[in-house]
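Here the structure is laid out as structure tokens; the discussion comes afterwards.
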Amino acid sequence: MEVFSKELKDTDVRVKLSFPTHGLEHLDFAGSNSVDLRVKDSFGELRVIRCWKRKNGDHDKPVLSSGWLKFVADYGLGVGDKVVLLREDDHSLGSQFRIEAQRKIVLLGQKAWGEVPRAT
């Protein structure tokens, strides 16, 4: 189940990733303002990425911070690439989510999203 997908902007690849508020319904903050997400990447490695809520007027705005920029660097992500966070339990790894990095590619004259290979 998709939690969110987002085409990356400059702030997303340099500082932190803000994502659509509807993604909050899939996260359990247990009364706190932050939660460490145990996320499996495309290579099956476990990553811990912190998600916190910041107030934006009347509603909470979710942001990925600690661990996010390492993911960006490991996959060589840039402006215009896309990230997808999916709800996917992997009991053997202990993760609750899967994260995918995607990049626009052109196949037979058609634009599509393809998986980004790990840069490091």
Side-chain angles (χ1 to χ4, degrees):
M1 169 185 293
E2 184 174 295
V3 176
F4 73 85
S5 67
K6 182 179 181 188
E7 204 167 319
L8 302 178
K9 296 178 174 25
D10 185 58
T11 301
D12 299 326
V13 298
R14 289 187 311 104
V15 184
K16 61 186 175 266
L17 172 74
S18 62
F19 61 91
T21 304
H22 68 78
L24 286 171
E25 66 189 60
H26 301 279
L27 308 177
D28 181 8
F29 285 86
S32 177
N33 285 331
S34 68
V35 62
D36 287 340
L37 305 179
R38 298 175 58 79
V39 179
K40 179 172 68 171
D41 69 12
S42 297
F43 288 87
E45 292 183 24
L46 180 66
R47 294 175 178 270
V48 177
I49 300 176
R50 175 155 298 155
C51 179
W52 57 278
K53 298 182 288 187
R54 62 182 174 92
K55 281 289 185 195
N56 188 8
D58 293 343
H59 64 279
D60 293 325
K61 183 69 177 164
V63 175
L64 297 183
S65 57
S66 301
W68 166 248
L69 291 180
K70 174 141 177 46
F71 178 77
V72 169
D74 287 351
Y75 281 83
L77 297 178
V79 174
D81 290 337
K82 183 162 80 170
V83 67
V84 180
L85 185 69
L86 303 150
R87 177 77 191 181
E88 181 182 284
D89 290 317
D90 184 331
H91 299 289
S92 63
L93 192 60
S95 65
Q96 304 110 347
F97 300 94
R98 180 167 47 97
I99 193 166
E100 298 176 351
Q102 299 179 353
R103 183 165 288 140
K104 283 182 189 170
I105 57 174
V106 178
L107 292 172
L108 303 172
Q110 300 292 318
K111 290 183 182 177
W113 289 100
E115 189 172 340
V116 175
R118 194 163 148 172
T120 59

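The line from CG of Leu17 to CD1 of Ile99 is 7.5 Å long, rounded to the nearest 0.5 Å. Distance NZ/Lys61 to CG/Leu24: 9.0 Å, rounded to 0.5 Å. Between atom CD of residue Gln102 and atom CG of residue Asp81 there is a gap of 9.5 Å, rounded to the nearest 0.5 Å. Annotation: the span from Leu64 atom CG to Ser34 atom OG amounts to 12.0 Å, rounded to 0.5 Å. Rounding to the nearest 0.5 Å places CG of Asp36 at 8.5 Å from OG of Ser65. In this structure, CG on Leu86 lies 13.5 Å from CD on Gln96, to the nearest 0.5 angstrom.
In the hydrophobic clustering of ILVMFWY residues, with side-chain heavy atoms under 4.5 Å counting as a link, Val3 and Val35 come out together. A continuous path of hydrophobic side-chain contacts links Leu69 to Phe43 [ILVMFWY only; heavy atoms under 4.5 Å]. Phe29 and Leu85 fall within a single hydrophobic cluster, where Ile, Leu, Val, Met, Phe, Trp and Tyr side chains are chained together by heavy-atom contacts under 4.5 Å.
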Where do Glu45 and Arg118 land on the salt bridge (charged side-chain N to carboxylate O under 4.0 Å, His left out) test, with the steps shown first?
-> CA-CA 11 Å; Glu45 292 183 24; Arg118 194 163 148 172; 2.8 Å; yes
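Using a cut-off of 4.0 Å between Lys/Arg side-chain N and Asp/Glu carboxylate O, Asp74 and Arg47 are scored as salt-bridged. Between Glu25 and Arg87 no salt bridge is recorded (no basic side-chain N to carboxylate O distance below 4.0 Å). Contact check on Lys82 versus Glu100 returns no salt bridge, with no Lys/Arg side-chain nitrogen under 4.0 Å from an Asp/Glu carboxylate oxygen. Salt-bridge annotation for Arg54 and Asp60: absent, with no side-chain N of the basic residue lying under 4.0 Å from a carboxylate O of the acidic one. A salt bridge links Arg14 with Asp10: at least one charged nitrogen is closer than 4.0 Å to a carboxylate oxygen.
Between Lys9 and Ser18 the shortest side-chain heavy-atom distance does not fall below 4.5 Å. Here the side chains of Lys16 and Arg50 are not in contact, with every heavy-atom distance at 4.5 Å or above. In this structure the side chain of Cys51 reaches within 4.5 angstrom of the side chain of Leu27, judged on heavy atoms. Considering only heavy atoms from C-beta on, Ile105 stays 4.5 Å or farther from Lys111 through its side chain. The side-chain heavy atoms of Phe97 and Ile49, taken from C-beta on, include no pair separated by under 4.5 Å. Contact annotation: the side chain of Pro62 never approaches that of Trp52 to less than 4.5 Å [non-hydrogen atoms, C-beta and beyond].
Among all heavy-atom pairs drawn from Val84 and Glu2, the shortest one is CG1-OE1, 3.8 Å. Residues Tyr75 and Ala101 share a closest heavy-atom pair of CD2-CB, 4.0 Å.
In this pair, Phe4 and Phe19 present their aromatic rings parallel. The plane angle is below 30°, not in the 30 to 60° band.
Side chain of Asp90 to backbone of Gly94: no donor-acceptor contact under 3.5 angstrom is found. Between the Lys40 side chain and the Glu88 main chain, no donor and acceptor come within less than 3.5 Å of each other. Judged by distance alone, with hydrogens and angles left aside, the side-chain atoms of Trp68 form a donor-acceptor pair with the main-chain N or O of Asp12 at under 3.5 Å.
Only one option out of Asp89, Leu46, Val48 pairs with Ser95 in a side-chain contact (heavy atoms from CB on, under 4.5 Å); it is Leu46.
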